[in-house]
Structures are given as structure tokens and as C-alpha cells.
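In what follows, a single structure is set out as C-alpha cells and then discussed.
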Amino acid sequence: MMAPGDQLRVFYDGACPSCVKDRRLYERLAGRTGESVEWVDITGRDEELMECGIDPQAALQELHVEDGQGNIHRELDAYILLMSRVWLLKPFAWLIGLPVIRPALAKLYHKWVSERLERTGRMPDSKETQRSIEARKAEVEAEESAEDRETW
């Protein structure tokens, strides 16, 4: 059994079928070790992500894991942390951390994620997403302006 400080919170894209599939595979491989992992679907949780110091758009593009001390690990560091807990995945965690492999794998990872997000129309740089972000910013600014008027 793991100590409370060994808990991990994994922020994953629950709207991504392959991400959900990867989560289920991890849970099967991890067995009881997986009980120390809390899975948090980032969908619709922008405020919670920001409170944790995670940019919601970055959360769509990279895996983020919070360790028991509150440190946020992202991208391949997050995968290495998560995989290193499962004996079957430890060799892969070691392998992807190698200086020769890591840069190439990071590049492939970002390319794959970008293609997935573009294909589903969820890429943060897409026009539709940009419009949504701008609309949300306008709402926030209007709310802040109304609050400012109320305090005067």
C-alpha cells in the first residue's frame, strides 16, 4: 500500500477515446498500485486546472500529473512518473527518459496530439477554439467590470 504522499492526480482528456482507452489499460496493468492514482477528466474544468497552475489549453495538449507534494509534472515527465509505478511499465519509463530517445519521442507525441485535436476540431489554435476563448474572455471581462461597478 502506498503512503498518502504517494498519491497522484492525473489530468487527462476524457473526451479523447484513445486517452480513455490508455487510462483503462494503465488501470489494468497497475492493479492495486492504480488505487493511488486519481484520474481527473479535464473536460469543463478550466477553473480547477488554473487553480492547480495548469493552463487548460496546455492540459489538452500534454498529460499533466500532480504528485503527492503538489508538484505538477507534464508531458513525458508525467508519463515517466506514472509508468515508473507499474513494474511492467518501468522499463518503458526508463527508455523514454533516455536523452537519445526523449527529444524524438516528445516531438512525435506533440505531433500526434496536435493531429488528434485538429481532426476533432479541438485544437487550441483552431479558429473555432480561438473564438470560444475570446468569447469566454469577454464574459470574464464583463463580469469583472460589473463587479467593479458594484464596489464603487
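With sequence neighbours excluded, no residue satisfies side-chain hydrogen bond (donor to acceptor under 3.5 Å, both in side chains) with Lys107. Every side-chain hydrogen bond (donor to acceptor under 3.5 Å, both in side chains) that Glu115 has, sequence neighbours left out, goes to Lys111. By the side-chain hydrogen bond (donor to acceptor under 3.5 Å, both in side chains) test, Asp55 is found to be paired with no residue, residues two or more places apart in sequence or in another chain being considered. In this structure Leu98 satisfies the side-chain contact (heavy atoms from CB on, under 4.5 Å) test together with Trp94, Leu95, Ile101, sequence neighbours excluded. Residues meeting the salt bridge (charged side-chain N to carboxylate O under 4.0 Å, His left out) test with Lys21, sequence neighbours left out: none. Under the ring-ring contact (aromatic ring centres under 6.0 Å, His included) criterion, Trp39 pairs with Tyr12, Tyr26, not counting sequence neighbours. For Glu38, the salt bridge (charged side-chain N to carboxylate O under 4.0 Å, His left out) partners are Arg9, not counting sequence neighbours. When the side-chain contact (heavy atoms from CB on, under 4.5 Å) test is applied to Arg116, the partners found at least two apart in sequence or on another chain are Asp13, Cys16, Ser18, Cys19, Trp112, Val113, Arg119, Arg122. Residues forming a side-chain hydrogen bond (donor to acceptor under 3.5 Å, both in side chains) with Asn71 (at least two apart in sequence, or on another chain): Asp67.
Connection of Leu60 to Met50 is not established within any shared hydrophobic cluster, with ILVMFWY side chains joined at heavy-atom distances below 4.5 Å, either directly or through further cluster members. Linking ILVMFWY residues whenever their side-chain heavy atoms come closer than 4.5 Å, directly or via other members, leaves Leu108 and Leu117 in distinct clusters.
A salt bridge links Arg32 with Glu35: at least one charged nitrogen is closer than 4.0 Å to a carboxylate oxygen.
Rounding to the nearest 0.5 Å places CD1 of Ile72 at 4.5 Å from CD of Glu66. Atom CD1 in Ile54 sits 11.5 Å away from atom CG in Asp46 (nearest 0.5 Å).
Across Gly34 and Ala30, no two heavy atoms sit closer than the pair N-CB, 3.5 Å.
Listed for the Gln7 side chain is a donor-acceptor partner under 3.5 Å among the backbone atoms of Ser36.
Proximity of Arg45 to Val40: side-chain heavy atoms (C-beta onward) are separated by under 4.5 Å at one or more points. Residues Leu63 and Phe11 are not in side-chain contact: their nearest non-hydrogen atoms beyond the backbone lie 4.5 Å or more apart. At a threshold of 4.5 Å between non-hydrogen side-chain atoms, the residues Val20 and Arg23 do not count as touching.
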task: For the pair Arg85 and Asp6, evaluate side chain to side chain contact (heavy atoms under 4.5 Å, CB included) and give the outcome as yes or no after the intermediate values.
output: CA-CA 10 Å; Arg85 293 176 158 233; Asp6 291 335; 3.7 Å; yes
Using a 3.5 Å cut-off and no angle test, enumerate the donor-acceptor pairs between side-chain atoms of residues 75-84 and protein atoms at least two apart in sequence or in another chain.
from	atom 1	to	atom 2	distance (Å)
Glu75	OE2	His110	NE2	2.4
Asp77	OD1	Arg102	NH1	3.4
Asp77	OD1	Arg102	NH2	2.4
Ser84	OG	Ile80	O	3.1
Ser84	OG	Leu81	O	2.9

